[in-house]
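Okay, so here's the structure we're looking at.
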Number of protein chains: 4
Amino acid sequence: MEFNIESASRVPIYRQLVAQIREAIARGRMKPDERLPSVRELSRELVINPNTVARVYTELEREGVLNTRQGLGVFVAQPRNELTKRVRKERLTCLVDGLLTEAVHLGFAREEVTATVAERMEKFAFAHGVGGQ
Amino acid sequence: MEFNIESASRVPIYRQLVAQIREAIARGRMKPDERLPSVRELSRELVINPNTVARVYTELEREGVLNTRQGLGVFVAQPRNELTKRVRKERLTCLVDGLLTEAVHLGFAREEVTATVAERMEKFAFAHGVGGQ
Amino acid sequence: MEFNIESASRVPIYRQLVAQIREAIARGRMKPDERLPSVRELSRELVINPNTVARVYTELEREGVLNTRQGLGVFVAQPRNELTKRVRKERLTCLVDGLLTEAVHLGFAREEVTATVAERMEKFAFAHGVGGQ
Amino acid sequence: MEFNIESASRVPIYRQLVAQIREAIARGRMKPDERLPSVRELSRELVINPNTVARVYTELEREGVLNTRQGLGVFVAQPRNELTKRVRKERLTCLVDGLLTEAVHLGFAREEVTATVAERMEKFAFAHGVGGQ
DNA sequence: GTGGTCTAGACCACC
DNA sequence: GTGGTCTAGACCACG
């Protein structure tokens with residue numbers, strides 16, 4: 001996996017990294033139980049402070065996306081669904097509304113948005129069937 | 001238009017307001033040339049600092065979503081598309097990828113996302129035909 | 001609220017604080033929307049590094065126990081239940097088994113454990129009725 | 001006795017094993033004077049480092065839960081109660097408070113906790129009568 | 001070697 | 001004033 005940090009961006013480094021790792025997993029480019037680079041490796045590679053990488057890993061672990069095994073490294077977690085159907089649906093709706101708001105302001109038409117969603121979907125590793133309770 | 005500020009949220013007040021105004025416009029609940037409440041009115045109504053409201057209006061004006069007519073008030077701007085088709089498409093793709101990343105992590109299936117997008121779309125005031133240059 | 005840190009303990013400072021805040025809330029000694037001391041105040045009072053306090057607050061916010069409002073401070077969150085009934089039950093069972101394991105090793109009898117649970121329960125602010133889905 | 005190590009867990013292997021042995025004894029699935037597998041056997045079976053198993057046995061011996069008879073192996077110790085009633089009661093209270101704190105945050109009601117404790121209790125090998133001095 | 005904890009001190013965003 | 005981010009560097013626990 002290759003990550004890249006724009007330190008000029010106003011988005012905090014740790015958020016950029018979090019987003020990139022989450023996207024890599026969602027796109028199936030990193031699989032469950034795959035090992036990520038060590039904190040020290042990644043911090044050397046990206047030329048950022050080890051604590052910043054550690055923070056990213058900690059945060060993603062708390063979310064259940066990664067898990068760390070002391071002395072062994074950090075790994076992609078098995079997907080779990082601990083949230084209520086209701087909460088998950090609320091979050092999805094909120095995200096979709098945000099997308100649509102921006103799409104309208106950018107001047108897109110309905111069909112363009114639908115087409116883009118359908119097109120990008122192919123790149124993501126969706127679960128099959130309908131998600132848990 | 002009614003706005004509501006959740007002061008118990010970690011999202012800064014000014015961002016909540018910006019988002020709500022943008023969404024109201026995108027949903028067609030506020031139309032071009034419609035007048036918004038004055039800074040003082042809105043700050044009194046929402047019980048927030050006038051500086052915060054002023055900041056919101058300034059920010060949305062900079063974005064081209066609102067415009068101020070000196071002595072008359074603040075109005076919803078006519079939709080403009082200053083960005084090239086290419087840039088706009090890039091932004092849309094980026095937003096869609098963000099949505100899909102979250103959707104996968106929430107455990108949704110393709111069809112659920114497609115359905116939610118289609119359903120929410122009905123609530124938004126999309127332009128007809130295909131957007132500008 | 002008064003907190004006390006044992007820096008001699010092998011339990012990390014930030015975990016001690018997290019536990020104390022969680023317990024204070026569970027016992028109803030801190031109520032929703034109540035403000036906690038600022039990061040700087042608390043770090044001065046407990047004579048620990050402000051980053052350690054910040055970490056505690058961040059962690060509890062991520063858990064949904066606190067929420068921070070930029071520029072205003074950190075507050076006790078309204079209780080929410082985002083986890084699946086199944087996951088919650090699993091966690092409870094696991095915690096109870098841990099308790100019972102220790103109780104047996106300490107040589108307690110059934111009735112003593114039952115009595116202690118009943119007795120301590122009076123000190124905690126349980127919700128009424130049965131928890132969400 | 002069968003133990004199972006979850007290597008994908010953030011809990012150190014040696015702690016997992018310690019907990020499982022303690023629980024097995026508390027549930028009466030291992031009785032006093034029963035022999036445990038040798039360090040080599042167990043490490044081969046669980047596919048973990050022999051040093052890790054050795055550490056587990058040492059730790060449990062220090063606690064008085066196991067004892068080693070040179071050349072013969074490691075055995076479950078006779079239950080002893082070296083702690084005063086007062087100290088033991090303090091520990092129990094502390095553990096119960098920890099359980100109740102979590103239960104409240106998980107949104108359980110009193111009755112649910114009481115019921116779970118009663119239910120799980122059936123699986124544990126409690127001493128009869130009231131514990132020592 | 002791995003990650004986890006803690007400190008010290010800097011600079012920025014929010015209200 | 002508040003909290004959020006980032007860096008630098010120390011020491012400890014795990015395997």
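As a basis for the values below, the full set of heavy atoms in this structure was taken, side chains included, without hydrogen atoms, waters or symmetry mates. These numbers come from a predicted model, not from an experiment. Labels below follow one simple rule: chain letters A, B, ... track the order of the sequence lines, proteins then strands, and each chain is numbered from 1.
Regarding C:Leu72, its CG atom lies at a distance of 10 Å from the P atom of F:dG3, rounded to whole Å. Rounded to whole Å, the distance from CZ on C:Arg44 to P on E:dG9 is 15 Å. Taking atom CG of residue C:Asn49 and atom P of nucleotide E:dG9, one finds them 9 Å apart after rounding to whole Å. The nearest whole Å value for the distance from the CD atom in C:Gln70 to the P atom in F:dG3 is 9 Å. Atom CZ of A:Phe75 is separated from atom C1' of E:dG3 by 11 Å (rounded to the nearest Å). One can place CZ of C:Arg35 at 13 Å from P of F:dG1, the figure rounded to the nearest angstrom. Distance A:Leu46 CG to F:dC6 P: 13 Å, rounded to the nearest Å. Between C:Gln16 atom CD and E:dT5 atom P there is a gap of 12 Å when expressed in whole angstrom units.
In terms of phosphate contacts, C:Thr52 brings a side-chain nitrogen or oxygen within less than 4.0 Å of OP1 or OP2 of E:dT7. Between B:Tyr14 and the phosphate of E:dC14, there is a side-chain N or O to OP1/OP2 separation shorter than 4.0 Å. Proximity of C:Arg69 to the phosphate of E:dC15: no side-chain N or O atom is located under 4.0 Å from OP1 or OP2. For D:Arg55 and F:dC14, the shortest distance from a side-chain N or O to OP1 or OP2 is below 4.0 Å. Contact annotation: A:Thr68 reaches the phosphate of E:dG4 (side-chain N/O to OP1 or OP2, under 4.0 Å).
Inter-residue side-chain proximity for A:Leu36 and A:Tyr57 is flagged as met; some heavy-atom pair is nearer than 4.5 Å. Annotation: side chain of A:Glu82 is not in contact with side chain of C:Glu82 (no heavy-atom distance under 4.5 Å).
Taking the nucleotide of DNA chain E with the nearest heavy atom to each of B:Pro12 and C:Val11, the more 5' of the two is matched to C:Val11.
Contact annotation for D:Arg15: backbone-only contact, meaning every heavy-atom pair under 4.0 Å involves sugar-phosphate atoms and none involves a base.
Between the side chain of C:Asn51 and the base of F:dG3, no donor-acceptor pair under 3.5 Å is found.
Under the Watson-Crick or G-U wobble criterion, with both distances below 3.5 Å, F:dC14 is paired with E:dG1.
Relative to the side chain of A:Ser38, the nucleotides E:dG3, E:dG4, F:dG3 differ in distance, and E:dG3 lies closest. Closest to the A:Ile48 side chain, of the nucleotides E:dT5, E:dG3, F:dT7, is F:dT7. Picking from F:dG3, F:dG4, F:dG15 the nucleotide with the shortest atom distance to the side chain of C:Glu61 gives F:dG4.
No donor-acceptor distance shorter than 3.5 angstrom exists from the side chain of C:Glu102 to the backbone of D:Leu92, with no hydrogens or angles considered.
Between B:Glu23 and B:Arg29 there is no salt bridge, since no side-chain nitrogen of the basic residue lies less than 4.0 Å from a carboxylate oxygen of the acidic one.
Each of D:Ile25, D:Leu66, D:Leu17, D:Val74 was checked for a side-chain contact (heavy atoms from CB on, under 4.5 Å) with D:Leu60, and the lone residue meeting it is D:Leu66.
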